[in-house]
Number of protein chains: 2
Amino acid sequence: MEVKNSRQKQRELTKNAILEATEQIVLLEGWQAVSIRKIADAIGYSLPVVYTHFESKDAIQEEFVKHGFNLLATAMQQTNEKYGDAETRLTQMALAYFEFAFKNAAYYKMMFGLGIPSCQKVQEIAEIGKFSSIVIKSISSLMDEIDEQRKFLKFHTFWSILHGLTSISMVNITAAPNEMQQQILLDATQGFIKNINR
Amino acid sequence: MEVKNSRQKQRELTKNAILEATEQIVLLEGWQAVSIRKIADAIGYSLPVVYTHFESKDAIQEEFVKHGFNLLATAMQQTNEKYGDAETRLTQMALAYFEFAFKNAAYYKMMFGLGIPSCQKVQEIAEIGKFSSIVIKSISSLMDEIDEQRKFLKFHTFWSILHGLTSISMVNITAAPNEMQQQILLDATQGFIKNINR
DNA sequence: TTTTTATGGTTAACACTGTTAGCAAAAGTA
DNA sequence: TACTTTTGCTAACAGTGTTAACCATAAAAA
């Protein structure tokens, strides 16, 4: 047990207040709406006080990224404990991951640096159609069925695999070596092709 | 053929100059380093001139997102034409996608709103370890092998699938319906599990 | 108890950012 | 030549992250 005098206690309290105030803004308006002045306003102190607890705005974000990964880890832990069979366990973990990301969208976006495209107009960019039609054509030549919706589903799956690997490599989180990245790509593609006709 | 007087010609020229100047900055320092004043400086005009060609900074970005998807589409097209066998064609497309993303990293990041995490410090966040160790444990219970590196590879593959689907859904590019997203998730997970022992 | 010393907090400023209003000069049209 | 339209400018507004200079007040030393 460490002894804390009232000074240290006070410091910790206002540091927590900063994080809570920031979370309020993040959840309501997203990280891009966070400003040091807003935080200072919310905790009832003047602006430079924030800088006595965090050396920059990035430092505050880092704290949130850490917290986000902690939340994700516990969500996975809980799912892990709930199911006995290894296969359903992994499937449930996939669902839990997905659920986490959308229930904590603000956190997830911060964790992976997502969110610049305005989320509204991007849907209307026609250029995406060119890309998807080419890939869909290539995928459907491997499929027995000709159901349009299943083709679209498979395309979305394939694209997700590609984009996921790419963006994780790009943010360089796990710092996997270069030749491994290619192996991962081929590994995932193989699994996709194998499963293409269910 | 439309007749363009010298006024329209001039307008188009400076518009192109804006895009080229912006590209220079984007390629050298990334999109976050782009400012309207820098652009104006580069094209030798004053600041508000930029606003006579683009109504906002977001509009400029939109242009780049479009251009990025065009580049991606032609890369896929070229790969598509090069290979006869459907299976190798799809595999080569996966490789081409990956190559495109890293050769045009600045574009790719803009297209998917990637890049807030500082890319340097994120690697050192210990909290990621908790998450990955749990998932790796769950994956390895499905594997016959006990090679550490292969476990890590499989984890990376699984994570890529999850993150890819999540972030594409979150940016909401294709606007796939909600129940389909879950199907895609299960589809990809199934393929991954099926292929887990090669 | 008095005098330093450290500390929590303040205001004000710097150097930026995107965006817009108002005005002067140039170019095209009558 | 006189009038209208376009083009480009300076200056400003309202923000942003960050830091320097300063002032009380509380703790520590004399």
Side-chain angles (χ1 to χ4, degrees), chain A residues 3-19 21-26 28-65 110 113 115-121, chain B residues 3-19 21-26 28-65 110 113 115-121:
Chain A
V3 178
K4 290 174 196 172
N5 57 32
S6 65
R7 286 254 258 266
Q8 286 172 312
K9 245 187 253 175
Q10 188 55 41
R11 264 194 74 78
E12 215 165 284
L13 273 172
T14 61
K15 182 165 183 171
N16 275 338
I18 290 173
L19 290 174
T22 308
E23 186 168 32
Q24 280 296 320
I25 305 172
V26 167
L28 261 70
E29 311 170 69
W31 171 253
Q32 97 289 342
V34 172
S35 84
I36 311 283
R37 280 169 182 82
K38 270 190 204 166
I39 297 172
D41 233 53
I43 63 171
Y45 282 106
S46 75
L47 196 157
V49 170
V50 180
Y51 283 91
T52 65
H53 294 89
F54 296 94
E55 74 167 16
S56 71
K57 200 189 172 185
D58 284 333
I60 299 177
Q61 196 197 13
E62 204 180 307
E63 204 68 35
F64 273 83
V65 173
M110 287 178 79
I116 300 175
S118 34
C119 287
Q120 298 244 2
K121 291 178 186 171
Chain B
V3 178
K4 289 173 196 170
N5 55 32
S6 65
R7 287 255 258 262
Q8 286 173 313
K9 246 186 250 174
Q10 188 55 42
R11 265 195 74 78
E12 217 166 282
L13 273 171
T14 62
K15 183 164 182 173
N16 275 337
I18 289 173
L19 290 174
T22 309
E23 185 168 32
Q24 279 297 319
I25 305 172
V26 166
L28 260 69
E29 310 170 70
W31 171 253
Q32 97 288 342
V34 172
S35 84
I36 310 283
R37 279 169 182 81
K38 270 190 205 166
I39 297 173
D41 234 53
I43 63 172
Y45 282 107
S46 74
L47 197 157
V49 171
V50 180
Y51 284 92
T52 65
H53 294 88
F54 296 94
E55 75 167 17
S56 71
K57 200 189 173 186
D58 285 332
I60 299 178
Q61 196 197 12
E62 204 180 308
E63 204 68 35
F64 274 84
V65 173
M110 286 178 81
I116 300 175
S118 33
C119 287
Q120 299 244 2
K121 291 177 184 170

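In the text below, chain A, chain B and the rest are named by the order of the sequence lines, each starting its count at 1. These numbers come from a predicted model, not from an experiment.
With rounding to whole Å, A/L47 atom CG is found 8 Å from D/dG17 atom P. Note: CD1 (B/I60) to C1' (C/dG18) measures 11 Å, nearest angstrom. In this entry the distance linking CG of B/D41 with C1' of C/dT17 reads 15 Å, nearest Å. As a whole-Å value, the separation of B/I25 CD1 from C/dC16 P is 15 Å. Spacing between atom OH of B/Y51 and atom P of C/dG18 amounts to 6 Å, rounded to whole angstrom units. Rounded to whole Å, the distance from NE2 on B/H53 to C1' on D/dG8 is 11 Å.
For D/dG8, the OP1/OP2 oxygens have no side-chain nitrogen or oxygen of B/S46 closer than 4.0 Å.
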Would B/F54 and B/I36 count as a side chain to side chain contact (heavy atoms under 4.5 Å, CB included) if you check the C-alpha gap in whole Å, the side-chain angles of each, and the deciding distance to 0.1 Å? CA-CA 11 Å; B/F54 296 94; B/I36 310 283; over 6 Å; no
Start with the C-alpha distance between B/V34 and B/Q61, add both sets of side-chain angles, then the distance that settles side chain to side chain contact (heavy atoms under 4.5 Å, CB included), and finish with yes or no. CA-CA 10 Å; B/V34 172; B/Q61 196 197 12; over 6 Å; no
Worked check of side chain to side chain contact (heavy atoms under 4.5 Å, CB included) between A/V49 and A/T14: CA-CA 9 Å; A/V49 170; A/T14 61; 5.6 Å; no
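At most 12 non-hydrogen atoms from other residues, nucleotides or ligands lie less than 6.0 angstrom from CD of B/Q24.
A/R37 contributes no side-chain N or O that forms a donor-acceptor pair with the base of D/dG15 under 3.5 Å.
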